[in-house]
Structures are given as structure tokens and as C-alpha cells.
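This structure is a prediction, so every number in the text was calculated from the model and none was measured.
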Amino acid sequence: MASPKTFWRVLCMLRVGWCLLPQTGYLHPDEFFQSPEVMAGSILDLKVYHPWEFLPKSPCRTVVFPLITSGVAFWAIKALQHLGLSTSCITSYTLLVSPRLLLTIFSFILDYSVYQLAPLWGADPWNSLALLAGSYVTLVFYTRTFANTVEGLLFALLLLLVSSKAASKTSASAYRWQNPLNHRLIGMIIVAGFFNRPTFLAFALVPLLHWVCAGATCQQSVRRTIHHVLCLAPSAAFTAVFFIAADTWYFTSPLSGISLHSFYEASPLSILARLRQSVVVTPLNFLTYNLNPDNLAQHGTHPHLTHFAVNGVLLFGILHVEAVSNGIKLLKVHISQFMWLKALKRSSHSAITCPEGRLALLAFYFIPLALLSLFSHQEPRFLIPLILPLVLLVTQHRQAQQWKSINLVFNLCGALFFGCFHQGGIVPCLFHLEQLTHSPESLSHRTHYTLLFARTYMPPRFLLNVNKSNTLVELVDMAGAEKGFLCQILGSIVNGPACVNRELGKEMTCQVLVIIPGTVRTIIEQCPLLVKKETVIFPHLTMEDPPQMSFLLSEKWRSQLGLHILYLERNKKSI
């Protein structure tokens with residue numbers, strides 16, 4: 001049996017290798033439409049879809065982290081192409097993988113944090129790292145361009161700072177953690193996390209309380225709280241001004257685009273004038289929108305116990321069950337608020353690995369989960385920052401070994417389902433369509449393509465690698481359109497007026513392609529349309545239109561688990 005250290009190293013190589021492969025699973029539209037889709041339009045001038053959160057009339061997301069992740073990746077590949085180091089740097093593959101690779105590199109912040117935190121909380125570092133790296137949450141979610149991924153990394157850094165400071169109270173090296181630099185870093189992380197996602201405050205609340213109260217009496221806690229707030233204020237204020245200035249510049253610039261030349265050439269006076277005209281504070285807009293129950297209902301509502309009873313198990317499996325079991329046991333001991341305060345007061349006279357330490361880790365895990373459960377819109381990815389305290393808690397109890405086989409099977413199934421199968425045909429399909437629309441034949445004959453997606457997640461346009469000025473490629477997203485409406489739209493497109501080259505006044509070659517899951521492939525058969533060619537991308541599993549068991553057991557199982565690209569033929573009799 002390989003040692004935990006060797007197991008962790010293998011899993012690290014798998015994390016990077018699977019990112020480069022790349023993963024084809026499509027987890028959620030926010031994976032693309034809150035970072036690379038927006039940045040591809042601003043930096044690479046590609047034809048994209050701008051989500052409502054990034055429109056100047058409703059800016060609800062900061063642009064700073066998309067710029068740091070997808071923006072930096074796109075600037076790099078654009079620079080390589082301009083320098084002539086590679087003539088084909090910008091492809092659908094590099095557009096997908098470069099931002100993911102950067103996030104994958106950043107994901108090792110989690111590993112570093114666990115390695116440093118494990119001894120402080122009485123856990124074995126290498127067992128903790130093996131458990132972290134073996135989780136499909138790390139392999140799949142922390143290698144994607146989610147705002148939740150950035151939130152998890154900031155949470156890990158915050159835990160590293162506050163736990164080290166609290167633990168050092170009992171050691172001779174306590175002076176190291178009184179360095180003013182730590183106060184500045186904590187202030188910056190709190191504000192940066194708030195601008196990334198205001199829900200970060202739910203994750204930061206207990207660590208900050210623990211940081212302030214560790215080793216202090218009740219009377220001292222009040223004075224310490226005031227002192228810490230004053231120490232955090234300068235760096236927090238500076239960070240907030242930076243985010244507000246960056247968001248204001250982005251959302252008040254033409255078409256919400258970033259122009260490096262205009263940014264560097266702009267004078268300080270012009271920048272200040274723009275800031276005075278319209279200051280954009282994206283977290284306030286985010287809170288205003290999400291605190292309205294009617295707005296949340298548009299994105300789906302869930303019972304308040306969904307995070308606790310469903311999402312926690314879906315993400316972490318037996319680890320979540322172990323945390324719940326440990327929580328119930330410790331709750332019997334610390335049943336009242338008085339006992340909780342007494343435990344904090346004793347922390348300066350006992351090691352951090354005592355039951356009070358376990359209680360703190362449980363609080364790091366369950367209190368954010370409870371606060372997020374107050375909102376009616378609950379998705380599993382909202383909980384991915386909690387993997388760090390959960391790993392430390394389970395390893396501290398040394399109970400991970402008991403469920404090693406179950407945990408291995410669970411994470412293998414999760415990685416395959418979310419990393420490969422779930423909406424897994426969309427990304428390879430866009431790769432295929434990018435090659436088709438950029439083929440020498442299509443370019444020489446100036447072929448016009450209409451790409452109609454139906455019954456799939458929203459396709460990210462930037463992966464088609466189509467310039468904004470290109471009018472020959474049109475993507476239509478029909479989402480969950482019903483059969484009658486879908487047939488009507490297809491009929492009007494296929495049998496409509498002939499395509500005409502406006503420059504030459506001549507008819508062009510037109511291609512109409514329908515992309516639809518195999519489970520609803522029969523819808524197209526019921527439309528009065530001619531299919532002249534068909535390509536199947538495998539695998540593709542859609543839970544909105546799941547396959548029937550009878551089909552999975554038949555010879556058509558591969559067709560059911562595929563995404564079909566149908567080439568429709570123009571019906572000349574109806575023209």
C-alpha cells in the first residue's frame with residue numbers, strides 16, 4: 001500500500017494532467033459565464049454572450065478576479081501570438097485550458113494550507129493532504145473558473161492566518177504572529193472575499209471570532225475586538241478602494257471592455273473624473289439583488305435543509321456524515337452557550353488539539369453551512385470552501401481510514417460523473433464546431449453557419465473562437481424549448497430566404513446545425529426537416545432529460561448518452 005505522501009503526489013499529477021487532458025464535464029454555466037466568457041470578449045475581441053451580472057446597467061460581479069484568472073491567461077496567449085512565437089495560440093483548446101490551468105496552480109494553496117494547519121489542529125499532514133487531493137471536489141471544482149473556487153482559496157488563506165496566530169499563543173514563537181503584516185493580510189483577504197462573493201462573510205465570521213477571542217477573557221475580548229478592527233481598517237479600506245476603482249473603470253468604459261492602451265494612457269485626472277461620475281460597488285448590487293426573494297426564485301428555490309441533507313453528502317459523502325456524527329457527540333458536551341464561552345476562555349491554557357479545538361473546527365464547518373442555508377437558493381458548489389475544515393476535522397479524529405474504500409469509490413464516481421459525463425458533450429462539440437467553421441473549405445467558400453443548441457446547458461460562445469466582426473457564424477441557444485416552438489424556429493431558419501453575401505450580392509453556402517441530446521433526438525424526427533448528416537459526441541449525460549433505463553439496456557445506449565450534431569438540409573420545394 002502506497003504511503004499517504006506518495007498517494008498525494010500521484011493525485012497532484014492527476015489534477016494537473018486531467019486539467020490538460022482536458023475535463024469535458026460541464027458543471028454549471030457560471031463556470032464559463034462569470035469569468036472566461038466575459039474576458040474573452042474584452043481581451044481577445046471574440047464574439048461572446050455577456051451575462052446580466054456584467055452589464056453596465058446591473059454590475060453585480062467584480063471584474064478583478066476574472067481579470068486575475070481568465071484575463072491573465074488570455075493576455076498571455078494573445079501576447080505569444082503577437083510576438084510570433086506561435087501562430088495558432090488562440091484555439092478552443094487553449095481558450096478552455098489556460099484559465100483552468102491557472103486555477104489548478106492556485107488550487108495548491110489548499111494543499112499548502114492543509115500541510116501547515118494539520119499539525120496545529122492535531123491532524124496528520126500527509127493523511128490530510130491525501131484526503132484533500134483524493135476528493136473529487138478538489139479534482140473537479142477547484143480546477144474550474146468558479147467564483148466559489150476563489151472563495152475557497154481565500155478561505156484557506158484566512159484559516160491559515162487566524163489558526164496560526166491562535167495556536168502560537170501557547171508557543172514561544174507567538175511574536176511571529178503579532179507582525180502587523182498579518183493584520184494587513186487578513187484585512188485584504190476579508191475585503192477581497194467580500195467583493196468576490198459577499199457570502200464570504202459567512203465563512204469568515206467564525207475564524208475571525210476565534211482569532212479575536214483566542215487566549216482572551218471576556219473583558220479582554222471587547223478591547224481586543226476594537227484593537228483588531230482598528231488594525232484591519234487601513235488595509236481593508238485600501239483593498240476596497242482598489243476593487244471599487246477597478247470595477248468602476250471597467251463598467252463605465254465603452255461596451256464594458258478593457259483596453260490596456262486606454263488604461264495606461266489615461267491621466268490620473270481622467271480616472272478620478274470617471275470615478276466621480278459613477279462609482280460602482282458590485283457587492284452592494286449583488287446583495288440588493290439576492291436579498292429579493294422574487295429574484296432568487298428565478299434561479300430556483302430549495303428547502304432550507306438542502307445544504308445539510310443533500311448538498312453536503314453530494315459533495316463530501318461519508319466525510320459530511322462523519323462531521324454530523326462528531327457534531328452531535330460534541331453538542332451533548334457543549335450544549336449551552338455558557339459552555340461554548342467557557343471553552344474559548346480555557347483555550348490559552350490548553351493545547352489546540354483539545355476538544356475545544358474540535359469544536360472550533362466544527363464551527364468552521366457548520367456555522368457557514370447554517371448561514372448559507374438561510375437563503376432559499378442552494379447549490380452544491382456554494383459549499384466547496386468547506387472542504388478544508390472538513391478534512392482537518394475528519395483526519396483529526398483519525399476516522400478517515402475506517403471508510404477508506406467507501407470514500408475512494410465515492411470520489412471516483414463523483415469525478416467521472418461531474419468531470420466527464422455531466423453535460424460532457426458540449427465542450428467537445430464546440431471544439432468540433434470551431435474546427436469546422438475555421439476549416440480551409442469553409443473560409444474559402446465563405447460558408448454561413450447557424451448553430452442551434454437545444455435542451456443543453458448554455459453553450460459558451462468564446463470556445464468557438466469567432467471574432468466579433470465575423471458575421472458568418474451565428475449561435476442560437478434554444479435552451480429548453482418545447483417541440484412545437486423548436487420545429488417552428490428550425491423551419492423558418494432552414495427554409496427561409498437564401499443567404500446572400502452583402503459585399504458581393506451573391507448567394508452563399510448556408511449550413512444549419514442542430515445540437516441536441518440523444519434522449520430528445522426524436523423531437524427533430526417529428527419536425528418536417530431533412531437530416532443529411534449526423535455526428536455523435538460521447539459521452540453526454542443530461543439530468544434535465546435523463547435516459548430511460550430500457551434504452552440504456554438496449555443497443556441504443558450509446559446514442560442515448562451522446563450529444564447529436566444534426567446537419568439539416570434546405571428544403572428547396574418550400575422556397
Side-chain angles (χ1 to χ4, degrees), residues 28 30 34 53 60-62 65 110 113 137 141-142 146-163 186-213 225 228-229 232 236 239-240 243 281-293 295-296 299-312 314-316 320 323-324 327 337 340 359-393:
H28 190 277
D30 287 354
Q34 289 183 0
E53 298 102 319
C60 291
R61 299 281 182 179
T62 182
F65 285 108
L110 278 181
S113 300
V137 173
F141 285 88
Y142 275 96
F146 283 114
N148 310 94
T149 303
V150 176
E151 187 174 43
L153 299 177
L154 293 173
F155 183 51
L157 292 174
L158 180 64
L159 282 179
L160 183 62
L161 289 171
V162 302
S163 297
I186 290 175
M188 294 172 65
I189 289 172
I190 294 297
V191 174
F194 178 70
F195 271 82
N196 176 61
R197 280 182 62 84
T199 54
F200 184 74
L201 296 183
F203 296 98
L205 175 63
V206 179
L208 285 177
L209 290 176
H210 184 74
W211 180 61
V212 170
C213 298
T225 300
H228 284 304
V229 169
L232 298 179
T239 307
F243 273 84
V281 186
T282 52
L284 297 183
N285 297 334
F286 180 96
L287 290 172
T288 301
Y289 180 87
N290 285 279
L291 290 177
N292 187 337
N295 292 334
L296 284 184
H299 302 276
T301 56
H302 310 88
H304 289 290
L305 289 176
T306 301
H307 277 326
F308 182 83
V310 179
N311 293 340
L314 182 64
L315 286 176
F316 309 119
H320 177 74
V324 172
Q337 183 181 10
W340 165 247
L359 188 60
L361 282 176
L362 283 168
F364 292 163
Y365 182 75
F366 282 109
I367 290 182
L369 190 149
L371 293 175
L372 293 176
S373 297
L374 297 176
F375 298 92
S376 58
H377 181 57
Q378 301 183 20
E379 296 184 17
R381 60 193 171 90
F382 296 168
L383 302 183
I384 65 172
L386 297 178
I387 188 173
L388 194 149
L390 181 60
V391 164
L392 293 175
L393 178 67

### Message
Are the side chains of Leu383 and Phe141 in contact, using a 4.5 Å heavy-atom criterion?
### Response
no

### Summary
Interatomic distance, CG@Leu388 vs CG@Leu393, rounded to 0.5 Å, equals 11.5 Å

### Query
Going by heavy atoms in the side chains, are Leu161 and Ile189 under 4.5 Å from each other?
yes

### Summary
Ala323 and Leu390 have their tightest heavy-atom pair at CB-CD1, 3.6 Å

## Note on the structure
Output for pair (His302 NE2, Ser376 OG), nearest 0.5 Å, gives 8.5 Å

#### Entry: Close side-chain approach of Asn295 and Asn290, heavy atoms under 4.5 Å
no

### Query
Are any of the side-chain heavy atoms of Leu315 and His320 separated by less than 4.5 Å?
no

### Query
Could you give the distance from OG (Ser163) to CG (Leu361), rounded to the nearest 0.5 Å?
7.5 Å

### Message
Which residue in the set Tyr365, Phe364, Phe203 passes ring-ring contact (aromatic ring centres under 6.0 Å, His included) when paired with Phe155?
### Response
Phe203

### Query
Distance-only, no hydrogens or angles: does the Glu151 side chain make a donor-acceptor pair with backbone N or O of Phe200 under 3.5 Å?
yes

### Message
If I compare all heavy atoms of Pro380 with all of Asn311, which pair ends up nearest, and what's the gap?
### Response
CG-OD1, 3.4 Å

### Taking every non-hydrogen atom, the tightest pair across Gly327 and Leu362
CA-CD1, 3.8 Å

### Query
Got a second to check how far Thr306's OG1 is from Phe375's CZ, nearest 0.5 Å?
14.5 Å

### Query
Tell me, do Phe243 and Phe65 make a side-chain contact under 4.5 Å, heavy atoms counted?
yes

### Summary
Note: Leu159 and Pro207 closest approach over all heavy atoms is CD2-CG, 3.7 Å

### Query
Given side chains that start at C-beta, do those of Val324 and Phe308 come closer than 4.5 Å, heavy atoms only?
yes

### For Pro385 against Tyr142, the heavy-atom pair lying closest together
CA-OH, 3.4 Å

### Message
How close do Leu154 and Ala192 get, counting heavy atoms only, and between which atoms?
### Response
CD1-C, 4.0 Å

### Query
If you measure from CG on Leu208 to CG on Leu232, what distance do you get to the nearest 0.5 Å?
7.5 Å

#### Entry: Point-to-point distance, once rounded to the nearest 0.5 Å, from CG of Leu157 to CG of Leu110
9.0 Å

### Query
Are Leu205 and Leu209 side-chain neighbours, meaning at least one heavy-atom pair lies under 4.5 Å?
yes

### Task
Would you confirm whether the ring centroid of Phe146 sits within less than 6.0 angstrom of the ring centroid of Phe382?
no

### Task
For Gln378 and His307, indicate whether the former's side chain and the latter's backbone hold a donor-acceptor pair under 3.5 Å.
yes

